[in-house]
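On a predicted model such as this, the values are computed, not experimentally measured, just so you know. For the numbers below, each heavy atom of this structure counts, side chains included, while hydrogens, waters and symmetry mates do not. Convention: sequence-line order gives letters A, B, ...; per-chain numbering from 1.
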There are 2 protein chains.
Amino acid sequence: MDDRQLMQKAIDAARDGIARGQTPFGACIAKDGEVIIAAHNLVWAATDITAHAEIVAIREACKKLGTIKLGGCTIYSTTEPCPMCFSACHWAGLDRIVFGAEIADARAAGFGELSISNSRMKELGGATMTIEGGFMRKQAVELFEIWKALEAKPY
Amino acid sequence: MDDRQLMQKAIDAARDGIARGQTPFGACIAKDGEVIIAAHNLVWAATDITAHAEIVAIREACKKLGTIKLGGCTIYSTTEPCPMCFSACHWAGLDRIVFGAEIADARAAGFGELSISNSRMKELGGATMTIEGGFMRKQAVELFEIWKALEAKPY
């Protein structure tokens, strides 16, 4: 699969999450064009404030591959990973982060993000992964619109 | 319990982790002087790169209290939380971070930390918790010495 197809998996996961009453975030981890795992935010479902889509995907990828080293993998994230998730990508040794919407978009949608971009985190922290932002941004931002339009949010 | 006793719980958890072949990091979350949970790093035991002591403690505290909001709680961490764990503290709404050793000490012991201090993360991100570093630092740094002196490390 190519980048567009893999980001679509992350978007599909986010849409699935919204349908299940979760917040509008999805992520997909892939290696050599093959999906390892796609996941959505599970914070409310799991009563776990750390269960962002990227964290869930990284945990599941570790389990699935039986390793804590995810070198050679790319994470596709519907929104720019927050600093928690960015740092988890660093620890996992992911090669590449590809994201759609920006942290600023998530803040605008009402999420209490720490306002530090991935590129700033990389520069300050001395991380080495490649970061590509704004990929399929329109479809990614649309997730916030779908979520905001829900008449009754469970949370 | 006072701050010293609560930090001691984090140190005891780290020592327990070392005895079980884990890396030398411990954390304790408390509210009104009562321990909610003490935990050590479980990255290797759980094959989960996100299972830092603070993340484990936050997850378990959420479960135990049945909420994703940990306002009114303090986290005692043997080492300055890495940016992943710092950000998780922000998301959980913890009031206070108290830590012993610094990220620089962890780097010196061979851990591949992103070199961004908690005070810098707070300032850049617009977080609001109180941060107190260097608390019982001697005992906290000693954990790295114990860990480094192990003849055969499992990892």
Side-chain angles (χ1 to χ4, degrees), chain A residues 22-23 29 41-52 54-71 73 81-94 103 106-107 111-118 120-129 155, chain B residues 22-23 29 41-52 54-71 73 81-94 103 106-107 111-118 120-129 155:
Chain A
Q22 302 304 296
T23 50
I29 294 177
N41 184 298
L42 283 171
V43 165
W44 289 99
T47 315
D48 176 359
I49 191 65
T50 73
H52 287 196
E54 298 91 332
I55 297 282
V56 175
I58 289 170
R59 280 182 202 157
E60 292 297 320
C62 286
K63 261 192 213 156
K64 208 160 170 180
L65 303 179
T67 175
I68 57 164
K69 312 273 184 194
L70 302 179
C73 296
C82 80
M84 174 177 75
C85 296
F86 172 87
S87 305
C89 294
H90 159 79
W91 284 115
L94 289 164
I103 284 177
R107 283 175 69 95
F111 295 94
E113 304 272 348
L114 289 164
S115 54
I116 317 176
S117 71
N118 282 198
R120 191 97 173 94
M121 287 292 298
K122 177 180 169 177
E123 174 203 341
L124 288 169
T128 57
M129 79 287 275
Y155 312 110
Chain B
Q22 302 304 296
T23 49
I29 294 177
N41 184 298
L42 283 171
V43 165
W44 289 99
T47 315
D48 176 359
I49 191 65
T50 75
H52 286 198
E54 297 92 333
I55 297 281
V56 176
I58 288 170
R59 278 182 204 158
E60 292 297 321
C62 286
K63 260 192 213 156
K64 210 161 167 179
L65 303 181
T67 175
I68 58 164
K69 311 273 183 192
L70 302 179
C73 296
C82 79
M84 174 177 75
C85 296
F86 172 86
S87 306
C89 293
H90 158 78
W91 284 115
L94 289 164
I103 284 177
R107 284 175 69 95
F111 295 94
E113 305 271 346
L114 290 164
S115 55
I116 317 176
S117 70
N118 282 198
R120 190 98 173 93
M121 287 292 296
K122 177 181 168 175
E123 176 202 337
L124 288 169
T128 57
M129 79 289 274
Y155 309 112

**Prompt:** Does A/His90 use its side chain to pair, donor to acceptor, with the backbone of B/Met84 at less than 3.5 Å?
**Reply:** no
**Prompt:** Taking A/Gly93, A/Gly126, A/Cys62 one by one, which has the highest count of heavy-atom pairs under 4.5 Å against chain B?
**Reply:** A/Cys62
**Item:** pair B/Ile68-A/Trp44: side-chain heavy atoms closer than 4.5 Å
**Value:** yes
**Message:** Please classify the contact of B/Thr50 with chain A as side chain, backbone, both or neither, using a heavy-atom distance under 4.5 Å.
**Reply:** side chain
**Prompt:** Do the non-hydrogen side-chain atoms of A/Ile55 and B/Ile55 ever get within less than 4.5 Å of each other?
**Reply:** no
**Request:** Go through A/Thr47, A/Ile103, A/Leu70, A/Ile58 and name the one with the most non-hydrogen pairs under 4.5 angstrom from chain B.
**Result:** A/Thr47
**Message:** Taking the side chain as everything from C-beta on, heavy atoms only, tell me whether B/Trp91 gets closer than 4.5 Å to A/Val43.
**Reply:** no
**Prompt:** Can you tell me how far NE2 of B/His52 sits from OG of A/Ser87, rounded to the nearest 0.5 angstrom?
**Reply:** 9.5 Å
**Asked** Quick one: of A/Cys82, A/Ala51, A/Cys89, who has the most non-hydrogen atom pairs under 4.5 Å with chain B?
**Response** A/Cys82
**Request:** Give, for atom NZ of B/Lys122 and atom CG of A/Leu114, the distance between the pair rounded to the nearest 0.5 Å.
**Result:** 12.0 Å
**Prompt:** Side chain, backbone, both or neither: which part of B/Glu60 has a heavy atom under 4.5 Å from chain A?
**Reply:** neither
**Message:** Suppose we screen for side chain to side chain contact (heavy atoms under 4.5 Å, CB included). Which residues come up paired with A/Glu123, at least two apart in sequence or across chains?
**Reply:** A/Arg120
